[in-house]
Amino acid sequence: MSTRQYTHFINGRFEREAASYVDRTSPASGELVARFASGQVADMDRAVAAARAAFDHGPWPQMSGMQRTEILNKFADLVEKNFDRLVRIEVEEVGKPIRFAKGDIAGCVGLIRYAASLAMQMSGTTYTNLGSNKTALLMREPVGVVALITPWNFPALILMQKVPFALAAGCAVVVKPSEFTSGSAFELAALATEAGVPDGVFNVVSGKGSVIGQSLTEHADVDFISFTGSTRIGQTVIEASAKHIVKTSLELGGKSANIVFADADLDAAVDGALMGVFFNNGECCVSGSRLFVQSSIADDFVRRVSERAALLKVGNPFDDDTDIGAMIDSKHLSKVMSLVDTGLTEGAKLLTGGNVVENSAGNFVQPTIFDHVTPSMTIFQEEIFGPVLSVTRFDTLDEVIELANNSIYGLSNYVWSKNIDTVMTISRRLKSGWVQANTIIDGAPQLPLTGVKGSGFGYEMGQAGFEEFTQIKTLFLHTGPREPVFAK
Ligand code: NAD
């Protein structure tokens, strides 16, 4: 594939040219793979104006749910048809192993088809119990023009956790993808338009977050901001949204606990520990990056995990058998390595890894595991966003619940046990939007994702995620003669 060059996608077409471009080099090979238009505030203004016009005057919000369902299903068909191209773009721009990129694009198709089905189910409630001449209709309407801001770790998948749900509800969207990985957002917007999504309903503007991301979140014509990214930028999004009192949904960082009890299926839990932290290069918001192991099995379990980790294949993400690809850029690589150094300085015990992969053109880090990590250590608390696992041992249920909840984050947690009492008790007491038992980083389009505490608020996917893109208008209807309140 030759270098791809993208101009902004506004009002149903790619613009003829851009004033300047940002180069994207592959984090695995250093080769130039794409050039994205480097947007300015005026570009964002044009995109928001196109979305505003499409929502206020265009056919999309007025169409029947059935029509929107049909168009979204055609969109899913086109994503399937372009599967290989989209997979390649994700591997080139993110540096993730190809088998995981294939899972991402297959996941996109499932999300679009599920959201398509919801377009036909948009409904409200009627109250007929308010008195004989009073009726109330709670009418569910699209929320309007939606700003969608996405990170670089799952560029297509996270976008599809948002866009088809917004479109199913009848909204128009302006997307600001990560400046590292904008390719799939442009491709998906073009495919949606080819499927019949009207002009102006799905716009994409690429460029720096501090410039166009900021201007999008401060824009007076935006009705809802759905942001996925770091907790730090999430805070700036809240501040920007306060300017015009705009509804926000924030999917932010995480530092999830992966808890293994002695009575678990230990073979499955070993694989779960590896999946928890090495999936997607460890660049995953729901990584199980803090492993808690019950003391009675800890020595043997941790040895097995670390022996298996040392055998994982790090390298060319296009190889089918690669387990861990490249960190997104050299700055992020340095951040990961500096946290590894902090782990050593603060006294955690390094079991395996701990270095970059030498003699490579890419940003590769060895799978790294630290044992005897305590809550006061930086690597216990900070989101590393790389292939670095911290291990902490525990004895009792109460102790591990306290350890797991000792975090500013509350995105997801995982528990491995064959005892249903243990699973239920711990699931109820863990402070996170998501708990998974005897599986890890699993999911389905029907299941909403949300965070608590520093991981954000609002729902993505599922019926709850769909409803985020809608609002209720209440019509209180009085029929027949009405008793005067102020008599003459
Ligand atoms: P980031 O916060 O740096 O950037 C996210 C997006 O925000 C990018 O498109 C960026 O350009 C944009 N942005 C930057 N400054 C902005 C500003 N001032 N105003 C508006 N937008 C701005 O995050 P990242 O490094 O791209 O992604 C990694 C982070 O995302 C991690 O913390 C990870 O946990 C989180 N994440 C969360 C979820 C979830 O579902 N909770 C999913 C994936 C990633």
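Hydrogens, waters and symmetry mates are skipped; everything else that's a heavy atom, side chains included, is used. Order of listing sets the numbers, starting from 1, for every ligand and every atom in it.
Of the heavy atoms in Phe154, none comes closer than 4.0 Å to ligand 1. At a heavy-atom cutoff of 4.0 Å, ligand 1 is contacted by no atom of Leu216, backbone or side chain. Contacts with ligand 1 closer than 4.0 Å are made by backbone heavy atoms (N, CA, C, O) of Leu252 only, the side chain lying farther away. Residue Pro177 touches ligand 1 through its backbone alone, judged by heavy-atom distances below 4.0 Å. Counting heavy atoms under 4.0 Å from ligand 1, residue Val286 does not touch it at all. For Phe385, every heavy-atom contact with ligand 1 shorter than 4.0 Å involves the side chain, none the backbone. In Thr228, the parts holding a heavy atom less than 4.0 Å from any atom of ligand 1 are both the side chain and the backbone. Contacts between Glu179 and ligand 1 below 4.0 angstrom, taking non-hydrogen atoms only, involve the side chain exclusively.
Between Arg35 and Asp23 there is a salt bridge, with a side-chain nitrogen of the basic residue lying less than 4.0 Å from a carboxylate oxygen of the acidic one. Taking a cutoff of 4.0 Å between a charged side-chain nitrogen and a carboxylate oxygen, Arg13 and Asp199 qualify as a salt bridge. In this structure, Glu383 does not pair ionically with Lys335, as no charged nitrogen and carboxylate oxygen lie closer than 4.0 Å. For Asp223 and Arg52, the salt-bridge test passes: some basic side-chain N is under 4.0 Å from an acidic carboxylate O. A salt bridge does not link Glu90 with Lys96: none of the charged nitrogens is closer than 4.0 Å to a carboxylate oxygen. Under 4.0 Å is where a charged nitrogen must lie from a carboxylate oxygen, and between Asp320 and Arg99 no such pair does.
A salt bridge (charged side-chain N to carboxylate O under 4.0 Å, His left out) with Glu92 is found for exactly one of Arg4, Arg24, Arg85, namely Arg4.
Cys285 SG, 3.3 Å is the protein heavy atom nearest to atom 39 (C) of ligand 1. Among protein heavy atoms, atom 12 (C) of ligand 1 sits closest to Ile149 CG2, 3.7 Å. Among all non-hydrogen protein atoms, the one lying nearest atom 35 (C) of ligand 1 is Gly229 O, 3.2 Å. The protein atom (non-hydrogen) at minimum distance from atom 40 (O) of ligand 1 is Glu251 CB, 3.4 Å. Taking atom 20 (C) of ligand 1 as the reference point, the nearest protein heavy-atom neighbour is Gly213 C, 3.2 Å. Protein heavy atom closest to atom 24 (P) of ligand 1, with residue, atom name and distance, is Trp152 NE1, 3.4 Å. Scanning the protein heavy atoms around atom 8 (C) of ligand 1, the nearest turns out to be Thr150 O, 3.3 Å.
Between the side chain of Thr368 and the backbone N or O of Gln366 there is at least one donor-acceptor pair closer than 3.5 Å. Although no hydrogens or angles enter the test, the distance criterion places no donor-acceptor pair under 3.5 Å between the side chain of Asn413 and the main chain of Leu430.
Of the N and O atoms on the side chains of Lys176 and Ser206, not one donor lies less than 3.5 Å from an acceptor on the other residue. At a cut-off of 3.5 Å, with distance as the only test, a side-chain donor of Asn406 or Gln381 sits close to an acceptor on the other residue.
Considering Glu383, Met461, Gln235 only, the shortest heavy-atom separation from atom 34 (O) of ligand 1 involves Glu383. Nearest-residue assignment for atom 27 (O) of ligand 1 (options Pro151, Cys284, Ala147; heavy-atom criterion): Pro151. When the heavy atoms of Gly209, Gly454, Ser230 are ranked by distance to atom 17 (C) of ligand 1, first place goes to Gly209.
Here the two rings, on Phe36 and Tyr21, have centers that are 6.0 Å apart or farther. Checked against the 6.0 Å centroid criterion, the rings of Trp60 and Phe202 do not qualify as a close aromatic pair. The ring of Tyr6 has its center closer than 6.0 angstrom to the ring center of Phe186. Between Phe9 and Phe14, the distance from one ring center to the other falls under 6.0 angstrom.
Interface atoms of ligand 1 facing Thr236, defined by a heavy-atom separation under 4.0 Å, are 18 (N). Below 4.0 Å from some heavy atom of Ile158 lie the following atoms of ligand 1, by number and element: 42 (C), 43 (C). Atoms of ligand 1 lying under 4.0 Å from any heavy atom of Leu449, numbered from 1 in the order shown and given with element: 40 (O). Within the listing of ligand 1, atoms 9 (O) sit less than 4.0 angstrom from a heavy atom of Ser178. Each of the atoms 43 (C), 44 (C) of ligand 1 lies under 4.0 Å from some heavy atom of Asn153. Near Leu411, meaning under 4.0 Å from any of its heavy atoms, are these atoms of ligand 1: 41 (N).
Using a 4.0 Å cutoff on heavy atoms, Gly451 does not count as a contact of ligand 1.
Within a 4.0 Å radius of atom 4 (O) of ligand 1, the protein contributes no non-hydrogen atoms.
Residue contacts with ligand 1: Gln214 is placed with a nitrogen or oxygen under 3.5 Å of a nitrogen or oxygen of the ligand (distance criterion only). Considering backbone and side-chain N/O atoms, Lys176 comes within less than 3.5 Å of an N/O atom of ligand 1.
Scanning both residues, Ile379 and Leu339, for their nearest heavy atoms gives CG2-O, 3.3 Å.
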